[in-house]
2 protein chains.
Amino acid sequence: MAYRETAKVRDRKALTEQRILQASHELVAEAGFAALQMNQVAQRAGIATGSLYRYFANKETLAAEVFRQATEIEVDHVRRCLQQADSCALSRLEHALQTFAERALKAPKLAWALIAEPVDPAVDQQRLHYRLQYANLFACAVQQAIDDQLIPQQDPMLSSTAMVGAIAEALIGPLAQQAQDPTHAITHTITQFCVRGLAPFRYSVTGASL
Amino acid sequence: MAYRETAKVRDRKALTEQRILQASHELVAEAGFAALQMNQVAQRAGIATGSLYRYFANKETLAAEVFRQATEIEVDHVRRCLQQADSCALSRLEHALQTFAERALKAPKLAWALIAEPVDPAVDQQRLHYRLQYANLFACAVQQAIDDQLIPQQDPMLSSTAMVGAIAEALIGPLAQQAQDPTHAITHTITQFCVRGLAPFRYSVTGASL
DNA sequence: ACAAAGAGTGAATCACGGTTCACTTTTTCA
DNA sequence: TGAAAAAGTGAACCGTGATTCACTCTTTGT
C-alpha cells in the first residue's frame with residue numbers, strides 16, 4: 001500500500017468541495033434550482049463535470065446540501081432576532097418578520113428557490129424540514145405572546161405559516177412589482193399586516209401600532 | 001375541391017378538443033403541470049400523440065389554455081362572492097376569502113399548480129394576468145372598505161396579495177398538515193387572520209369579529 | 001524512481017419527453 | 001365510385017441535461 005490520504009490532499013478536497021457548493025449557491029441565487037446544472041456547476045467551480053461525482057453522489061444530493069446550507073443561514077438570522085431578550089415577544093416577532101422580509105426582498109430569486117420552487121423529492125424533504133424549523137421559531141414567539149396575553153388564543157403554527165405566506169407572496173410572488181416603494185416601507189407594511197393579523201386587540205382605534 | 005368541413009366533422013373535432021382539455025385538466029389537478037405530458041394527455045383523451053398537434057400548436061399553448069380555463073372558474077367563484085350586494089364590503093370580502101380558501105383546500109394540487117408551480121413563460125404570463133384579476137377583485141373590495149371607513153388607509157393591492165399568500169401557504173404549502181381540524185374550522189381561522197390583518201380597529205378588545 | 005492507489009477528466013452514453021412526418025383512414029362532393 | 005382534402009396515427013427523431021467510464025495525472029510510501 002503506497003498511498004494514504006494526507007492532510008494536504010484532504011485540505012485540497014475540502015477546498016474543492018467548498019468551491020462546488022459556492023458555485024452551486026451562486027447559480028441558485030441567480031436563477032433558482034433550475035439553473036443548477038451539473039456542467040454549469042463544474043465550469044464555475046473550475047473542475048471537470050465528472051469530478052463533481054467524486055464529491056456528490058448525484059445531483060439530488062448536491063441540491064439537497066445547497067438547500068440545507070442556504071436555509072440554515074436564513075433560519076439563523078431569524079433565530080437571532082427572536083433571541084434578543086430586551087423586548088416583548090411581539091416586538092421580537094415583528095423584528096424577525098421584518099428581517100425575514102428584508103432578506104427575501106434583497107435576494108428574491110434565492111428566496112423563491114428556498115420557499116417555493118419545486119425541485120425533486122430530496123430537496124422537497126429538506127424544505128419540509130427547514131420549513132418546520134422556521135415555522136417553529138415564529139410559532140414559538142407567537143406562543144410566548146399568547147402566554148403573555150399580548151394576543152388572543154390561536155393556533156401558533158397556523159398563524160406562523162400564514163405570516164410566512166403573506167410575506168413571501170407579497171414580496172416575491174408574481175405580482176411583486178419591483179421597488180415601487182422603497183424597500184423599507186414595503187417590508188414594514190407587510191410586517192404590520194402580519195402582526196395585526198395576530199393581534200387585533202393590542203391596537204388602538206386610531207390604528208397606531210405598539 | 002371535393003372536401004369541405006361539415007357540421008358533423010366540426011362537432012367531432014370540438015368534442016375531441018374538449019376531451020383533450022378535460023384530460024389535461026385532470027392530469028394537472030392530480031399532479032400539477034409537471035404531469036401534463038403530451039403522450040399522457042393523448043392516452044387519457046383516447047387519441048394518438050400526433051393528433052394533439054392538430055389541436056394545439058405545442059405544449060406551451062395547451063398548457064396556457066388549460067391554465068386559462070381553470071383560473072377563469074376560480075376567479076368567477078370569487079367574483080360572484082364579491083358581487084352580492086346585501087352586506088358590507090368587509091363581509092363580502094370575508095366570504096370571498098373563505099370561498100377561495102375552501103376551494104383551495106378541496107383541490108390542493110390544482111390550487112398549487114395555479115398559484116405557485118412554475119411552468120414555462122407562456123403559462124407564467126397567463127398566471128400574471130389572472131393573478132392580477134384576482135388581486136384586483138380583492139383589492140377592489142379592500143378599497144371599498146377603506147372608502148366606507150371600515151378599515152384604515154392602506155395599499156389595497158399589497159393587502160390583497162398578502163391575503164392570497166397567507167391562505168395559499170397555510171392551506172397548500174409544504175406544512176399544510178392534512179385535515180387536523182375539520183375543513184371549515186381551518187379556513188375560517190385563516191380567513192379571520194386575513195381580515196384582522198386589514199382591519200385592526202373594527203374589532204373590540206374581546207377579539208370578537210364583526 | 002517506481003508502483004499502487006486515488007483524484008481528475010471530458011467525450012460518450014442514457015433517459016426523458018416534446019415534436020415531426022410518412023403513412024393510413026375517413027370524409028366529402030362531383 | 002373515385003379522387004381530393006383533411007384528420008388520425010405512432011414510431012422515429014431531436015434536444016437537453018444527468019450520469020458513466022476508460023483514460024490520464026497526482027500523490028504517496030518503499
Side-chain angles (χ1 to χ4, degrees), chain A residues 1-21 23-24 27-28 30-67 117-123, chain B residues 1-21 23-24 27-28 30-67 117-123:
Chain A
M1 29 69 183
Y3 185 95
R4 256 187 97 109
E5 186 180 82
T6 182
K8 174 183 159 194
V9 174
R10 184 156 23 82
D11 290 352
R12 175 160 49 82
K13 286 209 286 181
L15 211 64
T16 302
E17 184 169 328
Q18 278 316 303
R19 270 219 305 283
I20 293 172
L21 287 169
S24 303
L27 287 168
V28 171
E30 283 164 20
F33 281 96
L36 190 69
Q37 296 175 1
M38 296 307 257
N39 35 26
Q40 292 299 306
V41 173
Q43 189 178 326
R44 196 174 285 219
I47 61 176
T49 312
S51 306
L52 279 179
Y53 290 82
R54 303 269 172 186
Y55 293 85
F56 297 91
N58 49 37
K59 185 183 169 168
E60 233 191 358
T61 311
L62 171 59
E65 179 60 14
V66 171
F67 187 95
E117 186 182 12
V119 190
D120 62 53
V123 170
Chain B
M1 30 68 186
Y3 185 96
R4 256 190 96 112
E5 186 179 81
T6 184
K8 174 183 159 193
V9 174
R10 185 156 21 82
D11 290 352
R12 175 158 50 81
K13 286 208 286 181
L15 211 64
T16 302
E17 185 167 327
Q18 279 316 303
R19 271 219 305 283
I20 294 172
L21 287 169
S24 302
L27 287 167
V28 172
E30 283 163 20
F33 280 95
L36 190 69
Q37 297 176 359
M38 294 309 255
N39 35 26
Q40 292 299 306
V41 173
Q43 189 178 324
R44 195 174 286 219
I47 63 175
T49 312
S51 305
L52 278 180
Y53 290 83
R54 304 270 173 185
Y55 292 85
F56 296 92
N58 49 38
K59 184 183 169 166
E60 232 190 1
T61 311
L62 171 59
E65 179 60 14
V66 171
F67 187 94
E117 185 183 12
V119 190
D120 62 53
V123 170

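Numbers restart at 1 for each chain; the letters A, B, ... are given by sequence-line order, proteins then strands.
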Exercise. Calculate the interatomic distance between A:Arg4 atom CZ and C:dA5 atom P; express it in whole Å.
Key: 13 Å

Practice problem: Determine whether A:Gln40 and A:Leu36 make a side-chain contact, defined as any pair of heavy atoms from C-beta on separated by less than 4.5 Å. | Solution: no

Quiz item: With side chains defined as the heavy atoms from C-beta onward, is the minimum distance between B:Leu62 and B:Lys59 less than 4.5 Å?
Solution: no

Exercise. May I have the distance from A:Asp11 (atom CG) to C:dG6 (atom P), rounded to whole angstrom?
Key: 19 Å

Quiz prompt | Separation of atom CG in B:Leu62 from atom C1' in C:dG17, rounded to whole Å | solution = 14 Å

Quiz item: Rounding to a whole Å, what distance do you find between A:Phe33:CZ and D:dG17:C1'?
Solution: 17 Å

Practice problem: Rounded to the nearest 0.5 Å, what's the gap from CG on A:Leu27 to CD on A:Gln43? Could you check? | Solution: 9.5 Å

Exercise. Can you figure out which of C:dG10, D:dA4, C:dA4 approaches the side chain of A:Tyr3 most closely?
Key: C:dA4

Quiz prompt | First encountered from the 5' end of DNA chain C, between B:Lys59 and B:Glu5 | solution = B:Lys59

Quiz item: Just how far, in rounded Å, is P of C:dA7 from CD of A:Glu17?
Solution: 12 Å

Practice problem: Measure from CD1 on B:Ile47 to P on C:dT26 and round the result to the nearest Å. | Solution: 16 Å

Quiz prompt | Atom pair OG1 (A:Thr61) and OH (A:Tyr55), whose distance is rounded to the nearest 0.5 Å | solution = 15.5 Å

Quiz prompt | Nearest-0.5 Å distance, CG of residue B:Asn58 to CG of residue B:Leu52 | solution = 11.5 Å

Quiz prompt | Stretch residues 35-44 of chain B: residues that reach within less than 4.0 Å of DNA chain C through a heavy atom | solution = B:Leu36, B:Gln37, B:Met38

Quiz prompt | Whole angstrom value for the distance that separates P of C:dA15 from CG of A:Asn58 | solution = 16 Å

Exercise. To the nearest 0.5 angstrom, please state how far the CG atom of B:Asp11 sits from the OG1 atom of B:Thr16.
Key: 10.5 Å

Practice problem: Identify which nucleotide among C:dT9, C:dT27, D:dT19 has an atom closest to any side-chain atom of A:Ser51, counting heavy atoms from C-beta outward. | Solution: C:dT9

Exercise. Calculate the interatomic distance between B:Leu52 atom CG and C:dG18 atom C1'; express it in whole Å.
Key: 11 Å

Self-check item: Contact under 4.0 Å: A:Thr49 side-chain N or O vs C:dG10 OP1/OP2
Solution: no

Practice problem: Specify the residue among B:Arg54 and B:Ala7 whose closest nucleotide of DNA chain C lies further upstream toward the 5′ end. | Solution: B:Arg54

Exercise. Compare all side-chain heavy atoms of A:Val41 with those of A:Phe56 and state whether any distance is below 4.5 angstrom.
Key: no

Quiz prompt | Residue B:Tyr53, side-chain heavy atoms: nucleotide from D:dA4, C:dG8, C:dT20 that is nearest | solution = C:dT20

Exercise. Pick base, sugar-phosphate or nothing for A:Tyr55, based on heavy-atom distances below 4.0 Å to the nucleic acid.
Key: sugar-phosphate

